[in-house]
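Written below as structure tokens is the structure these notes are about.
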Amino acid sequence: MTYIPKPAVRHPGLGANELGLHMRDYEGTISTLCAGCGHDSVTAAVIQAFYELSIPPHRIAKMSGIGCSAKTPAYFVEQAHGFNGVHGRMPALATGANAANRDLYYIGISGDGDSLSIGLGQFCHAIRRNVNMLYVLENNGVYGLTKGQFSASADIGSRSKRGVPNKSEPIDPVALALTLGATFVARGFSGDKQQLIPLLKAGLMHKGFAFIDVISPCVTFNDHVGSTKSYLYTRHHGHELVPVDFVPIRSEISAPSNNGGRTSITMHDGSMVRFRKVPEDYDPTDRLSAYEHYRSLQNRGEVVTGLLYLDPSGEDMHDDNATTSTPLSEMSHEDLCPGSEQMDALMEEFR
Amino acid sequence: MTYIPKPAVRHPGLGANELGLHMRDYEGTISTLCAGCGHDSVTAAVIQAFYELSIPPHRIAKMSGIGCSAKTPAYFVEQAHGFNGVHGRMPALATGANAANRDLYYIGISGDGDSLSIGLGQFCHAIRRNVNMLYVLENNGVYGLTKGQFSASADIGSRSKRGVPNKSEPIDPVALALTLGATFVARGFSGDKQQLIPLLKAGLMHKGFAFIDVISPCVTFNDHVGSTKSYLYTRHHGHELVPVDFVPIRSEISAPSNNGGRTSITMHDGSMVRFRKVPEDYDPTDRLSAYEHYRSLQNRGEVVTGLLYLDPSGEDMHDDNATTSTPLSEMSHEDLCPGSEQMDALMEEFR
Amino acid sequence: MPEPGLDMADRTNDFAFKIGTVNGTGSASANGLIMQAIFRMGIPCTGKNVFPSNIQGLPTWYEVRVSGDGYSARTPEFDLIVAMNPATYERDIADVRPGGYLLHDSSWPMAKEFLRDDINFLGVPLGEMCVREFKGARVRILMKNIAYAGALAALLSMDLDVIRRMIREKFAAKPKLIGSNYKAIELGYDYAMEHFDCPLPIRLETMDATSDHVLMDGNTAAALGCVFAGATVGAWYPITPSTSLMDGFQRFCERFRKDPETGERNFFIAQAEDELAAAGVVVGAGWAGARAFTPTSGPGISLMSEFIGLAYYAEVPSVFVDVQRVGPSTGMPTRTQQGDIAAVAYASHGDTKHIALFPANPEESFHMAVEAFDLAERFQTPVFLVQDLDIGMNDWMIPKLTWDDNFAPDRGKVLGADELERIKKFYRYMDVDGDGIPYRSLPGVHPKGAYFTRGSGHTSRGTYTEDADEYTEVMDRLRKKIDSAASEVPSPAIEMREGAGMALVTIGSCDGAVREAADILESQGVPVDYMRVRGFPFDPLVREFLDAHELNFVVEQNRDAQLKRLLVTETEVDPARIHSVLDYGGFPLSAAFVAGEVNERLGLTPDDRKLRPAAERPEGAVA
Amino acid sequence: MPEPGLDMADRTNDFAFKIGTVNGTGSASANGLIMQAIFRMGIPCTGKNVFPSNIQGLPTWYEVRVSGDGYSARTPEFDLIVAMNPATYERDIADVRPGGYLLHDSSWPMAKEFLRDDINFLGVPLGEMCVREFKGARVRILMKNIAYAGALAALLSMDLDVIRRMIREKFAAKPKLIGSNYKAIELGYDYAMEHFDCPLPIRLETMDATSDHVLMDGNTAAALGCVFAGATVGAWYPITPSTSLMDGFQRFCERFRKDPETGERNFFIAQAEDELAAAGVVVGAGWAGARAFTPTSGPGISLMSEFIGLAYYAEVPSVFVDVQRVGPSTGMPTRTQQGDIAAVAYASHGDTKHIALFPANPEESFHMAVEAFDLAERFQTPVFLVQDLDIGMNDWMIPKLTWDDNFAPDRGKVLGADELERIKKFYRYMDVDGDGIPYRSLPGVHPKGAYFTRGSGHTSRGTYTEDADEYTEVMDRLRKKIDSAASEVPSPAIEMREGAGMALVTIGSCDGAVREAADILESQGVPVDYMRVRGFPFDPLVREFLDAHELNFVVEQNRDAQLKRLLVTETEVDPARIHSVLDYGGFPLSAAFVAGEVNERLGLTPDDRKLRPAAERPEGAVA
Ligand SMILES: Cc1ncc(C[n+]2csc(CCOP(=O)(O)OP(=O)(O)O)c2C)c(N)n1
Ligand SMILES: Cc1ncc(C[n+]2csc(CCOP(=O)(O)OP(=O)(O)O)c2C)c(N)n1
Ligand code: SF4
Ligand code: SF4
Ligand SMILES: [Mg+2]
Ligand SMILES: [Mg+2]
């Protein structure tokens, strides 16, 4: 149904994985996102991560809320079950599904509107609950699907352009996850698959809540407050210069593949973002220094990427609950129902 | 209507303030909380803070959600307008009221359930929006009004008793407020009025969002997970040893009035909490070092109190919005309505 | 010593009393003791808590109705009041029916202005005695409660052996408490025996009407239903009056669902961060194949409505228990009402309609809880168990619950791995069987079962759509599906009487009062038929019944006649046949009120009636 | 060259066409140009966007109906389709009515299998021409749109001067764009003139029927209403199709409410973190004395229900605009429906009932928006302005809006400092005037005005209560208050016809189609009366009208006959008098569908009818 041809996310060079499946077995339906959308790059990375890990497609549960980002689970692993719920409430659905069946691989895809505005409470509590899942936040600083309003992370990707002093901080999901005690915290960039794929794989393998904030530029509404070229500006000022519904076709942004610790990347709107990978000898197991490292580089205007924090202890919400190892959804009624004898005995206690 | 006599929060020794008002002019209706509840101590401190600041009672707006804590605005400054809204949504009401009338003193009283569970998103976004208000979180680690379920800050007051390792962290409102960029962050203890009153006064005078986390023990449901003496335990184990509806009358906990930097205080359940005041020479204007200071003492099992962070720049959400200085609620229709001429002109643009 | 029996006929096993105390003072134990003792004497009785929305220091009452005939509705007329709370003396004294009794602590004198000469004051120096006999404030407070129970035992002629046995059972784990409790009982008992003409005309006499029964509240019963139905995931956010349901579920699960050796648990309880999340957890778990539920009350239903709409449209089995309290908004959290009937029936924006079950008592709470899970999975939709504070939190006498070990849960049309393997292609929302119910697959079972669940427009094949016909096809099937549940939900309870020309129609906890009212009306020469609606969408019998009566009085506990509204729109019965009898002040309904209202509508003057005049209606009773 | 005019009678100023493109390609400007040109030629017209719920790359259509008679409803019959999206060729070609035209880009050959010989294919090599004439992908894409507008100008006989003037106005700020746009127009125009027999039988002819009118969408109109009503606080969370309302409010405020010197703004817009917060901001602001509103859609209403209940019970003025889209759940966000009527009327748990206004077009959106604030303050309660995507986002021709400078907002019973000073004691919820509406005070005004607002049980004095009578007193007054609004909301629009035996009843955006259907029916010898409900609670006239007709067809756009449900329960009219005509596939209603349905119910066979048969119903039309 799409008119604009998409770059096919096929890699014919790659053979079958351990399960004998090919890359295409991990693909989904054709994306309906804008040409060049960062989210499509993330999708490609997710496909490759699942493929490389040889995870059986039907053992994957793909969860999302509402948004451009939330649509993407339809675009990978078609033979996985997907649940595109309501806006901002994916964490609760994932918690419930995981409670019912602890044996699946849960991947949640969210947006910055979905996770940091309407869903902020659920996001924080999923961290606290330590749900065993990979939570990917496709962070573009805007509400893509409702046409470009600023999100709570609006500053992301445009730190250099901050104009008005003393405006309240954007909500930084990485700092938040570190503060709230997430057991796996990372940041990636949609344009850097080389870094992103290993992070996704690590997140999928992590037991507990694995959070990856992925900077994923919105090619269509990548505007800044105050910019006179911005979409909002055009829309709000009587005389139009460009038709309001024109979305130029652009190609995705990608990082040079063998960039070292630091890279500057130009976004679609011409702004520059300085990415900085965590150093080789970085120790991701100390939460407080992770926070310090992250914040101090941020204060220097750098967007840190890589695995920032990892709690290797390997417990999740089911361990806290001492849930039985058989998925609850697979228990037989006999195993669950106390039966008539217990009932009769119990009744004597209510006399 | 209360049966159990409350300690009268009168201080006959104190005279009239600058407005010629007495302490009793800042009192409210009689508390219906449990005897000895920390929240009543906070109420007393709030009364004194308003009195000392000589704020005209009717220029105060008292906002709250639902909970024992949320009831307390009824117990101070009877001649102030109060709004006891719905559970967890006080920040939105306060934002709206403040948007309408920027000239009042806004004080919001919340609980840890109200702010950190159902209201977490609103709490975080009120910080981000930098609403000009004093936000007091009466933190007791439990849901008092619904009878003692653990809240998201459950660990507060019982750090020493953490048993199960690797359970997810409690949500720490102070660390959260620091991370999210609150422009005033402090912690107090209901039992230490000497410290609390100045903090409340500073918070009321701060322009922007002033947050004070007040450790305010619940005398009735002050139990710990795993404790066999706990209320929950008693309730969940068939044979009762104490009637489930018996609430012993206890007196409030208070700290020695001239304690130095560190104090250990025994809670109603016998647990010990180690409070530590920020040092004399502490610089509260550096957010990152405030976070570090706070976290490292916390890691040593100490509950830091005092003014932790302050952004003195003095802007709030109205400055961001460039709102006119006259309260919007007081503008006349003439000032607001563009009128027929503008309408006629406008119509030509829609042809 | 006052003159007991003033103007009071013999009322053996047929009277009501209440005990007014201060909450937080531990009176629940003493009250439970009294109630249980009467029950163990074989006499039908019900107990109702009237408590404030705070933790300590405010007035609270426990109301007991003793009825040898088995009537269980609240009666707002009290033959005896134990007034332990000086703050409510005035109100309590006013509440005693003429000729009745007021038992109070005479350690301090009673204020003159409260005295009434048409009732009997029974002063017992409870405080004084306890100070004398016990040490420590805490023990004295607790023992004073037990002591008034002792006095009541003498006045009402309770079986002391029964009480002693109960104390022994209760403190089996802490035997040294037994002595002090015995002592306290005796203090009250002996004083009353000595000073009053015991027993009073309102008195107990052993019967054998309760041996097949238990005393249970509806939240406990519903929790048991969830356990026996095989629910494994419970999510909730605490809210009065539903909290004790999850407490019960947790308690029973700890007992029945935990491996005694490994400690492993066959259940997962999520105390969610709010009601939205609780609903989400339930929907997620239902989607993944668990039986999942959440207990809540009105405000929770409002907050859950977005998720309820998702579950309806995406067809995810999920069970919501609404323990109704007084609305709107926060309302009166510790009072009862039936104000969410309409909210639940069509919860969420857009076209929706939900299956709802309305138990009348804890026995039905249990059975309907079990049924709720079956219906949710059979129809792949949210199912509401709608009870109220009165059912949920009060002590009801119900037949012992029994369990049929042959019960097999109805998991609905779920395709297993083998079935999926066999079929050519699986389409999630296709009406294969023509009954409106599609087949479902669970995640993780088989690649062929995979589909993308969504709350946005979808086709019968489960794909995304914005096409009018494709959208409409699914919506029409949904309507058909839910409408077809009408004959699967519990059918209405109907009682026909000889010569009845009109009918009383009601729902939920009004049951007892309305059936008792029917007896009253019959005794007044006005026989009426009776129908209690038990499920939504309405069984076809409901319409038939309404049509068969020129005059249907619909009795319910809300201001806006919500059941009537539903009846009219859903059955399309002529509204002219339906009259509302409404009571919504927050107290359980009384039979006298219902009979009075009906009489009034029928134009009978008070003189025509044989029973109590309308003036004796409960507080807040309004037409 | 095909033979234009095949089987097509002259249809000057009476036809419909649509343009199928891909979203994100900038066609909106060209489409707007066409629409506006027709309008400026003085010919009544309406334009409807049919767009997908994504940002770029999916099919989208713009439908234009030209009607010299002023009919504005959507017609699902297209005389001409501009098919610019190869992905929808098949569908577009199938959608052309026999004898009609398909305009397409002939740069590439049209697939054989799509060809139909009962329509005319008009191939214009748009792509080719633009590649030849313009440079750069971006400009070529944009100019192709303008070029098809040029071709249409020739085919339909548009006034080229009008178009040129519009281009000049549009690019006044960037004059160098004017040339290329002129060029593109000419490309299409000249090609068509040369190759086809222009104009077609469907053609335009200048009239003078629009000079007092404007083209406007309902969200813009409602936004203007909010500005003129003096709303100062707007809170929202973005959601289609309500977003453009807040965009409009912001735009107008920046223009009219900002001090040109200081930049100070007389308004506050809060982009809230979600709908719960948006509702909270509105309630907080209303409480503090501002006129505040939030625009949203179905999912937002679900999420706001808790706060709505609070505002109802605590009596806080607040305005909620529901721009309805297709539900339930996320549904089809870019399609229209009237599925929230029931949800809005009784939103929130417990007994509630809300004032709601139902505009039929942007003109009413404006006036009712103003009225909503007056009603909210007069009745101190939430007021809902309920429109839909069709009204909110589509281009309607409406009379120029005018403003009466004598308008004085009704702020309701608000006590000022002087009044408070004078009265003895202020009781917030006392029915002083006996009209059910209490007096209100604003924070900060006077110490005597202070009270404690709450959503929990309260007395008429504004104090906390758990007492049945005190609670009931307030609830009964609330019922009385809201019911009394029935005669204050806009009264129904009623049109009676000579000899009519039955009636069409409808609501909101169905207006145009239903009135046109009444004309069709009359022309078929079936005169019908007409009523459009405009407010809730229903004006007494509504009941009168229904009672006066044996047969009332209630036409609405939802599956479950929500308006009918409300009519039956609220007016207690006999349901037997009411029949539903329902269309809910997401497209605006058409007159042919309504007339067809009525005919079918009346038992007329298609042969009896003079107009189009039922087969030509819009997609998704179901009885
Ligand atoms: C309850 C509700 N409110 C609002 C919306 C409208 N809405 C859809 S997506 C979206 C924001 C999406 O932003 P984000 O999560 O950042 O995703 P992106 O599109 O940028 O990937 C909004 C507000 C909705 N679908 N549901
Ligand atoms: C929507 C909603 N859900 C649940 C409740 C029940 N409820 C009332 S207070 C409360 C928790 C209060 O805890 P907290 O905020 O910590 O206050 P505390 O009583 O401990 O001071 C809850 C869950 C409610 N009133 N509304
Ligand atoms: S609008 Fe932005 S986020 Fe959405 S698909 Fe387009 S580029 Fe991606
Ligand atoms: S329950 Fe706890 S928080 Fe509530 S009033 Fe009592 S002591 Fe205070
Ligand atoms: Mg985004
Ligand atoms: Mg608390």
Side-chain angles (χ1 to χ4, degrees), chain B residues 29 56-63 66 73-74 77-86 89-101 103-104 121-122 124-125 128-129 317-318 321-331 333 335-340 342-344 346-347 350-351, chain D residues 39-40 214-216 224 227-228 230 232-233 235 252 256-257 259 263-270 272-274 276-290 292 306-307 310 400-405 407-409 442-447 449-456 464:
Chain B
T29 58
H58 73 288
R59 303 297 293 171
I60 299 166
K62 310 173 294 183
M63 320 295 291
I66 300 285
V77 203
E78 194 163 8
Q79 288 188 334
H81 267 68
F83 200 153
N84 185 201
V86 287
R89 317 288 174 197
M90 174 267 280
L93 290 174
T95 303
N98 193 311
N101 190 344
D103 273 3
L104 305 182
Q122 297 223 330
C124 295
H125 280 270
R128 179 170 133 77
R129 216 174 272 127
M317 83 179 182
H318 282 294
N321 184 63
T323 322
T324 185
S325 54
T326 314
L328 295 173
S329 60
E330 291 171 15
M331 310 223 55
H333 187 66
D335 288 338
L336 296 172
C337 183
S340 63
Q342 293 281 15
M343 175 65 96
D344 296 344
L346 192 63
M347 282 306 106
F350 284 90
R351 289 195 38 87
Chain D
F39 176 78
R40 290 211 184 166
V214 290
L215 280 181
M216 192 181 276
L224 264 183
V227 174
F228 277 74
T232 48
V233 177
F252 294 126
F256 299 126
R257 293 272 194 80
D259 188 309
E264 278 186 1
R265 305 153 109 199
N266 288 345
F267 64 99
F268 188 94
I269 293 175
E273 58 272 28
D274 59 18
L276 293 89
V281 169
V282 168
V283 175
W287 174 77
E306 192 194 21
F307 259 126
L310 172 68
K400 278 181 184 166
L401 299 177
T402 56
W403 185 252
D404 176 0
D405 287 324
F407 171 86
L442 301 180
V445 171
H446 195 282
Y451 68 102
F452 203 67
T453 308
R454 44 164 77 78
S456 46
Y464 181 79

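We name chains A, B, ... by the order of the sequence lines, and we start the count at 1 in each one.
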Rounded distance (nearest 0.5 Å) linking atom [atom1] of [X] with atom [atom2] of [Y]:
X         : Y         : atom1 : atom2 : answer
Gln342(B) : Phe256(D) : CD    : CZ    : 4.5 Å
Phe228(D) : Leu346(B) : CZ    : CG    : 6.5 Å
Met331(B) : Thr232(D) : CE    : OG1   : 9.0 Å
Asp404(D) : Cys337(B) : CG    : SG    : 10.0 Å

Checklist entry - Using the ring of each side chain (for Trp, its six-membered ring), is His81(B) parallel, tilted or perpendicular to Trp287(D), with breaks at 30° and 60°? => result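 The rings of His81(B) and Trp287(D) stand perpendicular, inter-plane angle above 60°.
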
Checklist entry - Where does the angle between the aromatic ring planes of His446(D) and His58(B) fall among parallel (under 30°), tilted (30 to 60°) and perpendicular (over 60°)? => result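 Taking His58(B) first and then His446(D), their aromatic rings sit tilted (interplane angle of 30° to 60°).
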
Engaged part of [X] at the chain B interface, taking heavy atoms whose separation is under 4.5 Å:
X         : value
Leu224(D) : side chain
Val282(D) : neither
Leu215(D) : both
Ala292(D) : neither

So [Y] and [X], do their side chains get closer than 4.5 Å, heavy atoms only?
X         : Y         : answer
Arg128(B) : Glu273(D) : no
Glu330(B) : Leu442(D) : no
Phe350(B) : Lys400(D) : no
His333(B) : Phe407(D) : yes

Please rank [options] by heavy-atom pairs under 4.5 Å with chain B and give me the top one.
options                                    : value
Phe267(D), Tyr451(D), Phe252(D)            : Tyr451(D)
Pro443(D), Ala285(D), Ala278(D), Ala235(D) : Pro443(D)
Gly289(D), Ala272(D), Ser456(D), Pro409(D) : Pro409(D)
Val445(D), Asp274(D), Asn266(D)            : Asn266(D)
Arg265(D), Arg257(D), Arg454(D)            : Arg265(D)

For [X], which atoms come within 4.5 Å of any heavy atom of chain D: side chain, backbone, both, or neither?
X         : answer
Ala74(B)  : both
Glu78(B)  : backbone
Leu104(B) : side chain
Met317(B) : both
Pro73(B)  : both

Do you know the tightest heavy-atom contact between [X] and [Y]?
X         : Y         : value
Ala99(B)  : Val233(D) : CB-CG2, 4.1 Å
Ala290(D) : Ala100(B) : CB-CB, 3.5 Å
Leu336(B) : Gly230(D) : CD1-O, 3.6 Å
Leu276(D) : Gln122(B) : C-NE2, 4.0 Å

Checklist entry - Between Asp405(D) and Met343(B), is a side-chain contact (heavy atoms from CB on, under 4.5 Å) present by the stated rule, with each step listed? => result CA-CA 10 Å; Asp405(D) 287 324; Met343(B) 175 65 96; over 6 Å; no

Of the listed residues ([options]), which shares the most heavy-atom pairs with chain D below a 4.5 Å separation?
options                                 : value
Ala322(B), Pro338(B), Ala61(B)          : Pro338(B)
Gly82(B), Ala80(B), Gly121(B), Ala97(B) : Gly82(B)
Ile60(B), Thr326(B), Thr29(B), Leu93(B) : Leu93(B)

Next on the checklist: Pair Val283(D), Phe83(B) - check side-chain contact (heavy atoms from CB on, under 4.5 Å), show working.
Outcome noted: CA-CA 11 Å; Val283(D) 175; Phe83(B) 200 153; 4.0 Å; yes

Item to check | Side-chain (Arg59(B)) to main-chain (Gly444(D)) donor-acceptor, under 3.5 angstrom | outcome: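 Yes, the answer is positive, given that a donor and an acceptor are paired below the 3.5 Å cut-off.
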
Item to check | Arg351(B) (side chain) donor-acceptor with Arg40(D) (main chain) under 3.5 angstrom | outcome: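 Flag not set: sc Arg351(B) to bb Arg40(D) has no pair under 3.5 Å.
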
Checklist entry - Glu264(D) pairs by side-chain hydrogen bond (donor to acceptor under 3.5 Å, both in side chains) with which of Thr324(B), Thr323(B), Asn321(B)? => result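 Running side-chain hydrogen bond (donor to acceptor under 3.5 Å, both in side chains) over Thr324(B), Thr323(B), Asn321(B) with Glu264(D) returns exactly one hit, Thr324(B).
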
Checklist entry - Between Phe452(D) and Lys62(B), is a side-chain contact (heavy atoms from CB on, under 4.5 Å) present by the stated rule, with each step listed? => result CA-CA 9 Å; Phe452(D) 203 67; Lys62(B) 310 173 294 183; 4.2 Å; yes

